[in-house]
Amino acid sequence: MAVTDHVDLNGFMEGVKKRNPHQPEFVQAVQEVAEDIFDFIQDKEEYHAQQILRRIAEPDRVVSFRVCWEDDNGNIRVQRGWRVQNNNAIGPYKGGIRFHPSVNESVLKFLAFEQTFKNALTGLPMGGGKGGANFNPKGKSVREIMRFCQSFMTELYRHIGPDVDVPAGDIGVGGREIGFMFGQYKRITNHWNGVLTGKGLEWGGSLIRTEATGYGAVYFLENMLATKGESVAGKTAVISGSGNVATHAAEKIVQLGGKVLTLSDSGGFIHDPDGITQEKIDWVKAHKTHRRGRIEEYVEAFPGATFHPGKTPWGVPCDVALPCATQNELLGEDAKTLIANGCKAVSEGANMPTDLDGVHAFKAAKILYAPGKASNAGGVAVSGLEMSQNSERRSWKEEELQQMLKDIMKGIHDACIRYGDQGGGYIDYVKGANIAGFKKVADAMLAFGVV
Ligand code: NDP
Ligand code: 2IT
């Protein structure tokens with residue numbers, strides 16, 4: 001009798017839960033994928049026999065390490081760092097680094113798992129990984145951030161490399177932190193290479209990498225709306241977050257003629273019924289640089305707006321919604337509220353911002369709903385283009401990169417239609433993204449045999 005977890009979805013998920021106790025985010029991410037993949041592989045014996053999903057849901061390795069650093073008062077502080085290398089079937093591990101107090105192994109395993117499918121969807125040769133630390137950059141001095149980044153890289157460097165694993169930014173890690181980490185990598189190894197992406201333009205970075213995730217999420221939204229003969233122009237948008245992804249998503253919505261009503265941070269959300277214009281977005285970007293300001297201060301600068309402490313923005317009526325802050329920030333009830341208020345489309349800028357109840361609600365209502373692994377892939381896609389430019393030792397022009405980003409987002413949209421078209425004008429983008437991402441990785445794994 002075949003030994004297999006692939007008996008049925010429930011049996012498979014029981015095994016995942018048992019092997020990953022106390023890792024709810026990881027279990028949630030696997031469940032969302034498994035719900036679609038079990039349907040798809042039902043009549044595909046090879047995927048069962050080779051235990052492909054079971055293998056993708058077991059990281060190649062999880063490296064966990066101590067990160068010591070000294071704060072400005074001379075206290076020795078100890079943080080925990082990780083790099084989760086989930087799967088390198090189609091290319092070197094690739095994925096961001098997150099610095100946030102909520103970081104733990106479950107969060108990074110879910111992110112590395114999601115990244116595996118996302119990176120496959122871009123069409124570029126990148127495997128899936130993610131890393132980070134339970135370090136809180138808020139309120140830290142620049143020198144403290146530098147010392148932390150250097151200490152983090154002093155361990156991480158031995159696990160990464162331009163053909164091995166290429167980290168980038170994520171929550172709490174932007175260009176400044178990538179600079180500190182790249183400097184330390186170079187100092188330890190004496191190698192100048194494309195080991196990190198999201199680098200500064202003067203030292204190997206790519207044009208439009210900073211903007212790519214937010215812009216890409218709006219390009220994906222445009223592609224979805226186009227299937228209904230509609231566009232972003234004239235639409236009202238509710239956006240959460242006020243970091244890299246949220247501000248650039250807002251910027252692209254404004255450029256395409258939409259009206260942005262909200263932004264948020266962990267303190268609450270602001271609602272600006274007059275619309276958050278480019279000038280106001282520039283204010284937010286400057287204000288939130290290096291996580292110094294709070295979004296609530298927006299209402300002092302722009303008195304037409306209101307601040308709603310401790311709340312998420314999903315109750316504000318809108319045509320389109322873009323969750324761009326963090327995981328599980330949009331719950332089942334929020335999804336129902338958005339649907340009841342007439343929201344037509346949701347494009348996720350964050351990773352897994354919608355919980356499973358919310359995903360099921362969007363699917364049941366058959367609205368245009370794009371999961372992060374499809375709609376926020378623009379960031380890692382331009383990271384992939386940064387890797388190519390580093391290998392080529394040259395820099396491509398902005399127009400070329402803009403076009404490539406648009407083409408990649410369109411390619412992901414096409415892939416979602418290929419596997420997610422349910423007939424009757426409904427496209428299940430979750431299913432489409434899961435199957436298209438899975439198939440590419442799975443077929444590569446089949447070619448390699450049991451390794
Ligand atoms: P930033 O650090 O630039 O901004 C994060 C934003 O989200 C801040 O407004 C922050 O608020 C808010 N936030 C973070 N954690 C929480 C929380 N627990 N509750 C409420 N709000 C929170 O990160 P990014 O914009 O880069 O990342 C945002 C999301 O996009 C993440 O899910 C990330 O994984 C995803 N993503 C990022 C990509 C990139 O290229 N940067 C690529 C693809 C996905 P506060 O300031 O109060 O902490
Ligand atoms: O979640 C993500 O895709 C990112 N944080 C970007 C990863 C990358 O390698 O650019």
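Atoms within a ligand are numbered from 1 in the order they appear, just like the ligands themselves. Values reported hereafter were calculated over all heavy atoms of this structure, with side chains retained and with hydrogens, waters and symmetry mates removed.
The shortest N or O to N or O distance between Asn376 and ligand 1 is not under 3.5 Å. Residue Arg294 places at least one N or O, backbone or side chain, under 3.5 Å from an N or O of ligand 1.
In terms of heavy-atom proximity, Val430 sits nearest to Pro371 at CA-CG, 3.8 Å. Between Asp265 and Ile295, the closest heavy-atom pair is OD2-N, 2.8 Å. Nearest heavy atom pair, residue Glu25 against residue Met352, reads O-CE, 3.6 Å.
The aromatic rings of Tyr369 and Phe362 lie tilted to each other, with the angle between the two planes from 30° to 60°.
Between Phe152 and Trp69, a ring centre-to-centre spacing not shorter than 6.0 Å is recorded. Aromatic ring centres of His413 and Tyr429 lie closer together than 6.0 Å. Aromatic ring centroids of Phe269 and Phe307 lie 6.0 Å or more apart. Centroid-to-centroid, the aromatic rings of Phe26 and Phe110 stay 6.0 Å apart or farther.
Panel note: side chain Asn190, backbone Lys186; no donor-acceptor pair is recorded below 3.5 Å.
Within the set Ser266, Gly172, Gly214, the minimum heavy-atom distance to atom 20 (C) of ligand 1 is found for Ser266. Among Thr197, Asn244, Asn351, the residue whose heavy atom lies closest to atom 3 (O) of ligand 1 is Asn244. Considering only non-hydrogen atoms, atom 30 (O) of ligand 1 lies nearest to Gly349 out of Gly349, Pro137, Gly169. The option from Pro353, Gly95, Ser242, Pro101 that lies nearest to atom 9 (O) of ligand 1, judged by heavy atoms, is Ser242. Selection from Val245, Thr289, Thr326, Val382 by nearest heavy atom to atom 37 (C) of ligand 1 gives Val245. Relative to atom 31 (C) of ligand 1, the option among Gly132, Ala325, Ser383, Gly379 with the closest non-hydrogen atom is Ala325.
Look at Arg294 and Glu297 and you find no salt bridge, because none of the NZ, NE, NH1 or NH2 atoms lies under 4.0 Å from a carboxylate O. In summary, Lys431 and Glu35 do not engage in a salt bridge, as defined by a charged side-chain N under 4.0 Å from a carboxylate O. A salt bridge links Asp170 with Arg98; the closest basic N to acidic carboxylate O contact falls under 4.0 Å. Salt bridge absent: Glu399 and Lys397 never bring a charged side-chain N and a carboxylate O closer than 4.0 Å.
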Pairs under 3.5 angstrom, nitrogen or oxygen on both sides, ligand 2 versus protein: list them out, please.
{"from": "ligand 2", "atom 1": "1 (O)", "to": "Gln115", "atom 2": "OE1", "distance (Å)": "3.4"}
{"from": "ligand 2", "atom 1": "1 (O)", "to": "Lys118", "atom 2": "NZ", "distance (Å)": "3.0"}
{"from": "ligand 2", "atom 1": "1 (O)", "to": "Lys130", "atom 2": "NZ", "distance (Å)": "3.0"}
{"from": "ligand 2", "atom 1": "1 (O)", "to": "Asn351", "atom 2": "ND2", "distance (Å)": "3.0"}
{"from": "ligand 2", "atom 1": "3 (O)", "to": "Gln115", "atom 2": "OE1", "distance (Å)": "3.4"}
{"from": "ligand 2", "atom 1": "3 (O)", "to": "Gln115", "atom 2": "NE2", "distance (Å)": "3.0"}
{"from": "ligand 2", "atom 1": "3 (O)", "to": "Lys118", "atom 2": "NZ", "distance (Å)": "2.7"}
{"from": "ligand 2", "atom 1": "5 (N)", "to": "Lys130", "atom 2": "NZ", "distance (Å)": "3.3"}
{"from": "ligand 2", "atom 1": "5 (N)", "to": "Gly169", "atom 2": "O", "distance (Å)": "3.1"}
{"from": "ligand 2", "atom 1": "5 (N)", "to": "Asp170", "atom 2": "OD1", "distance (Å)": "2.9"}
{"from": "ligand 2", "atom 1": "9 (O)", "to": "Lys94", "atom 2": "NZ", "distance (Å)": "2.6"}
{"from": "ligand 2", "atom 1": "10 (O)", "to": "Arg209", "atom 2": "NH2", "distance (Å)": "3.0"}
{"from": "ligand 2", "atom 1": "10 (O)", "to": "Ser383", "atom 2": "OG", "distance (Å)": "2.5"}

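Interface of Ala350 with ligand 1, defined as ligand atoms under 4.0 Å from a residue heavy atom, comprises 29 (C), 30 (O), 32 (O), 35 (C). Close approach of ligand 1 to Lys138 (heavy-atom distance below 4.0 Å) involves ligand atoms 45 (P), 46 (O), 47 (O), 48 (O). The atoms of ligand 1 that sit less than 4.0 Å from any heavy atom of Cys324 are 28 (C), 29 (C). Close contacts between ligand 1 and Lys288 involve ligand atoms 46 (O) [criterion: under 4.0 Å to a heavy atom].
The backbone of Ser264, and not its side chain, has at least one atom closer than 4.0 Å to an atom of ligand 1 (non-hydrogen atoms only; backbone = N, CA, C, O). Under 4.0 Å from ligand 1, heavy atoms of Ile171 appear from its side chain as well as its backbone. Contacts of Arg98 with ligand 1, taken as heavy-atom pairs under 4.0 Å, involve the side chain alone. At a heavy-atom distance under 4.0 Å, only side-chain atoms of Arg209, from C-beta outward, approach ligand 1. At a heavy-atom distance under 4.0 Å, no atom of Ala168 approaches ligand 1. When heavy-atom distances to ligand 1 are checked against a 4.0 Å cut-off, His100 comes that close only through its side chain, counted from C-beta outward.
Heavy atoms of Ser102 come nearer than 4.0 angstrom to ligand 1 in no pair at all. Residue contact check for ligand 1: Met352 places no non-hydrogen atom closer than 4.0 Å to it. Within the structure, the closest approach of Gln327 to ligand 1 does not fall below 4.0 Å when heavy atoms are considered.
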What donor-acceptor contacts under 3.5 angstrom involve side-chain atoms of residues 201-210, with partners at least two apart or in another chain?
{"from": "Ser206", "atom 1": "OG", "to": "Gln389", "atom 2": "NE2", "distance (Å)": "3.0"}
{"from": "Arg209", "atom 1": "NE", "to": "Gly379", "atom 2": "O", "distance (Å)": "3.1"}
{"from": "Arg209", "atom 1": "NE", "to": "Ser383", "atom 2": "OG", "distance (Å)": "2.8"}

Apply salt bridge (charged side-chain N to carboxylate O under 4.0 Å, His left out) to the pair Lys439 and Asp443, showing each step before the final yes or no.
CA-CA 6 Å; Lys439 191 169 182 316; Asp443 290 344; 2.8 Å; yes
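Considering Arg83, His159, Lys94 in turn, Arg83 is the only one that fulfils the side chain to side chain contact (heavy atoms under 4.5 Å, CB included) rule with Asp165.
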